[in-house]
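Quick caveat: nothing in here was measured; it's all calculated off a predicted structure. Protein chains get the first letters and strands the later ones, always in sequence-line order, with residue 1 at the start of each. Computation of the quantities below employed the complete heavy-atom set of this structure, encompassing side-chain atoms and omitting hydrogens, waters and symmetry-equivalent molecules.
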Number of protein chains: 4
Amino acid sequence: MSQKIYMPHLSTAQHAKPVRTRKALRAALVDLLGDRGLEQLSIREITTRAGVGYTTFFRHYPAKEALLNDLAGDQVQQLVEMALPVVQSGDLRESMLALCRYVEGRRRLWRILLTGSAAAATRDEFLRVAEEIVRNQTWPEGWLPAEAGMILIVSGIVELVGWWLRQDDPLPVERMAEILDRSVVTPNVAAVLQQPG
Amino acid sequence: MSQKIYMPHLSTAQHAKPVRTRKALRAALVDLLGDRGLEQLSIREITTRAGVGYTTFFRHYPAKEALLNDLAGDQVQQLVEMALPVVQSGDLRESMLALCRYVEGRRRLWRILLTGSAAAATRDEFLRVAEEIVRNQTWPEGWLPAEAGMILIVSGIVELVGWWLRQDDPLPVERMAEILDRSVVTPNVAAVLQQPG
Amino acid sequence: MSQKIYMPHLSTAQHAKPVRTRKALRAALVDLLGDRGLEQLSIREITTRAGVGYTTFFRHYPAKEALLNDLAGDQVQQLVEMALPVVQSGDLRESMLALCRYVEGRRRLWRILLTGSAAAATRDEFLRVAEEIVRNQTWPEGWLPAEAGMILIVSGIVELVGWWLRQDDPLPVERMAEILDRSVVTPNVAAVLQQPG
Amino acid sequence: MSQKIYMPHLSTAQHAKPVRTRKALRAALVDLLGDRGLEQLSIREITTRAGVGYTTFFRHYPAKEALLNDLAGDQVQQLVEMALPVVQSGDLRESMLALCRYVEGRRRLWRILLTGSAAAATRDEFLRVAEEIVRNQTWPEGWLPAEAGMILIVSGIVELVGWWLRQDDPLPVERMAEILDRSVVTPNVAAVLQQPG
DNA sequence: CTCTAATCGAGACGGTACGTCGCGTCTTACG
DNA sequence: CGTAAGACGCGACGTACCGTCTCGATTAGAG
């Protein structure tokens, strides 16, 4: 029962090629997701666009979905790493502003990540990260269960930012940050923390 | 030359057979969605379960997605028709209570509709209906754009109710209705209507 | 185990309708065989062309092939009934002339009957009729077995007449009759009858 | 987008697999044609018998008919290559003897090739080859047109040999060769060459 | 001249086969 | 070590046509 296909290491940066290959695949996916959803894309198309052999794909990812997850996970990770310090400083409005600015700087990519079939993957990735953060602390028993609050915040951000990026004539970042802060983040954080009333 | 697949009338209740067939297909889909997502299901499986010929499927729906949409549209329609009067009476808390009671009475079905790949279809269906309702009136210019408010309400309800239905030991309906009202519906309705401040 | 489909009587000319229906179907088949072979034709096409309901087809024929056989059998029967007396008068050349004249008068129909997939049915029909005629008499033991002679005569006539009808600028009937007589009929008849030598 | 079915090279004997696959398909077809006609066979059956994937069939042949043609063409080619030298030596009787012996050595295969739906393909293949041979020379103007003669010879051989192979108690090869020579080949060749009389 | 049986049309369906698409595996051979 | 490319098995798709059934017209000819 020998695994015949060679599997390049995901971590050891010994060789540069695997890294380049993966990068090319992710880039190709982003390119193609501009037009159609993930399920309309064939792996052949992705590899061709990436300038990589068809078989090679499977040496790096077991399926299309894994590639998308890799992509989404990467971006979400970066986003969170950028925003978390601001959040922890306590100024939620400022953190939303940072988030919006960051996303606007990668408009094209994030519109794809928050639209169509990719949106689900991105939201799941967000939830995963959020759960990790939430799980490490205990919470006062507000009238809103912590998990529900988390869901509302994550899905609210994802949906609203997606809506924002899909607009033809998008609102200014400051306006968007205000909306996110006032309608999604601050009230739900408060609801989780507040004493029931 | 071209036999062209026959398309039974959707409306004429003259003949009972087409109606029964469609009902059987919807029921089979619900059954199977209990285990797996839509894309893991083959049309053959659905038709077999429904006790219907494979080809017959295409006489009624052009694709799996259409069947799911039919299903989701149906249910959402019913739900909205039930809840809308209560909403218009002005008591939002009461309307959420009605919604939760209605959903709890169809627990199994709605868990499916709000989980996995079906959730997206259900949300879209909700949005479609909500847009229709929203479009027919003009709105005061609150600080939250009407469209954003609608998105938040719909996705909030969908996500939270989905979360509720997936729980092993679910919250009581009254509690759930309170959460929905206080965290999703009332604040967002208010934000759309209120003068900016 | 009741045969639900109503089967109109094939013989009893009680009603004129079945007769007309069958005639229409045969005519439609001839029409359509002008363009394509039998297997490229769908029963729906034939019935549509005949101005007859799809289901009706099966009330008269069990399959496309049966319709074609009906058609071919009919024509072959007529041809043979016309030619047999001349054959039995002993003048083979004259009989070939009669055959060619008869066929030329129904050029279009016979080109279809002797071309493509219909040719096989026509040849089989011929062979069936020929066998009947041959079986009823005993034959002197020539060097050519009677059955082989029959096959050569039938297939020779079918192939050559088919070739003749497909020509753009066809030979005159007299010439054709001469060819058939000299190359196919007379030598083979002789060979069957002659003493071996 | 378009994966387009892969088409293995017909010629490059680089790889042995495609060759083996095609051979297996031909063998399976021969096997199955023993029982039923081509149109009663499904491609699935053929591939299953050949121990080959269903899709693979289409990587090699566009349709069942193509496979049959491949088969028939192959055999006819071999037969003609074997017989042609003998024909050109001038001894027609001897060439018929060679033909009969060759066919008898492959009895089972040739009975299939000359029976039922395969017979038409084989005859066409024969005609194609014969036309090629005939077209390359000019012919004296006998009373029988060269094309008609060719048709008579080819169809005569095909029909008689088919009849021979279908017999329960077949004639000896010498007898069969005599019949073919005296009734089909020699008279028609003579008729094409002779001055009209 | 009616009315009743023979004939037909239309809608719907179950089922078989087709040809196509894409997936994932394997092998072989090349940098 | 990593990749490219050819060939394949497999599962699903969507289509075409077949043959059957039901139901409801229509129509012709016997009374």
Side-chain angles (χ1 to χ4, degrees), chain A residues 3-9 14-15 17-18 21 39 41-45 47 52-60 62-64, chain B residues 1-9 12 14-18 20-21 39 41-45 47 51-60 62-64, chain C residues 3-9 12 14-18 20-21 39 41-45 47 51-60 62-64, chain D residues 1-9 12 14-18 20-21 39 41-45 47 51-60 62-64:
Chain A
Q3 175 66 42
K4 296 296 176 58
I5 288 186
Y6 182 81
M7 279 304 234
H9 313 298
Q14 302 269 42
H15 298 278
K17 232 185 197 175
T21 299
E39 47 274 1
L41 297 177
S42 72
I43 293 182
R44 263 222 151 83
E45 229 175 330
T47 53
V52 149
Y54 174 71
T55 319
T56 303
F57 182 91
F58 300 96
R59 281 189 252 273
H60 296 276
K64 271 186 299 191
Chain B
M1 190 200 313
S2 60
Q3 171 166 354
K4 270 301 124 194
I5 285 190
Y6 180 78
M7 273 301 199
H9 308 301
T12 60
Q14 297 277 53
H15 300 281
K17 230 188 203 174
R20 275 206 317 264
T21 298
E39 46 275 0
L41 297 177
S42 73
I43 292 180
R44 199 139 239 148
E45 233 173 326
T47 52
V52 148
Y54 175 70
T55 316
T56 301
F57 182 91
F58 298 97
R59 293 196 181 104
H60 295 274
K64 270 185 299 190
Chain C
Q3 175 66 40
K4 295 297 177 57
I5 288 187
Y6 182 81
M7 279 304 234
H9 312 300
T12 61
Q14 302 268 42
H15 296 280
K17 231 187 196 177
R20 275 207 315 262
T21 298
E39 47 276 359
L41 296 177
S42 72
I43 293 182
R44 268 228 148 78
E45 231 176 328
T47 52
V52 149
Y54 174 70
T55 318
T56 303
F57 182 91
F58 299 97
R59 292 196 183 100
H60 295 276
K64 271 185 300 190
Chain D
M1 189 200 313
S2 60
Q3 171 165 352
K4 270 300 126 195
I5 286 189
Y6 182 79
M7 273 302 197
H9 309 301
T12 61
Q14 297 278 54
H15 300 281
K17 231 189 202 172
R20 276 206 316 264
T21 299
E39 47 275 1
L41 297 177
S42 72
I43 292 180
R44 199 139 240 147
E45 231 173 328
T47 53
V52 148
Y54 174 70
T55 316
T56 301
F57 182 91
F58 299 98
R59 292 194 238 262
H60 295 274
K64 270 184 299 190

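A search for side-chain hydrogen bond (donor to acceptor under 3.5 Å, both in side chains) contacts involving Thr56(C) returns Arg59(C), not counting sequence neighbours. Considering only residues two or more places apart in sequence or on other chains, Glu39(B) meets the side-chain contact (heavy atoms from CB on, under 4.5 Å) condition with Ser117(B).
Using a 4.5 Å cut-off on side-chain heavy atoms (C-beta onward), Tyr54(C) and Ile43(C) make contact.
The NE2 atom of His60(D) lies 4.5 Å from the OG1 atom of Thr21(D); values are rounded to the nearest 0.5 Å.
The distance between atom CZ of Arg20(C) and atom P of dT26(F), rounded to the nearest whole Å, is 16 Å. The NE2 atom of His60(B) sits 8 Å away from the P atom of dG14(E) (whole-angstrom rounding).
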Grab the N/O contacts between the protein and nucleotides 15-19 of chain E below 3.5 Å, and write none if there aren't any.
unit_1	atom_1	unit_2	atom_2	d
dG15(E)	N7	Thr55(B)	OG1	3.2
dG15(E)	O6	Thr55(B)	OG1	2.9
dT16(E)	O4	Thr55(B)	OG1	3.3
dC18(E)	OP1	Ile43(D)	N	3.3
dC18(E)	OP2	Ile43(D)	N	3.0
dG19(E)	N7	Tyr54(D)	OH	2.9

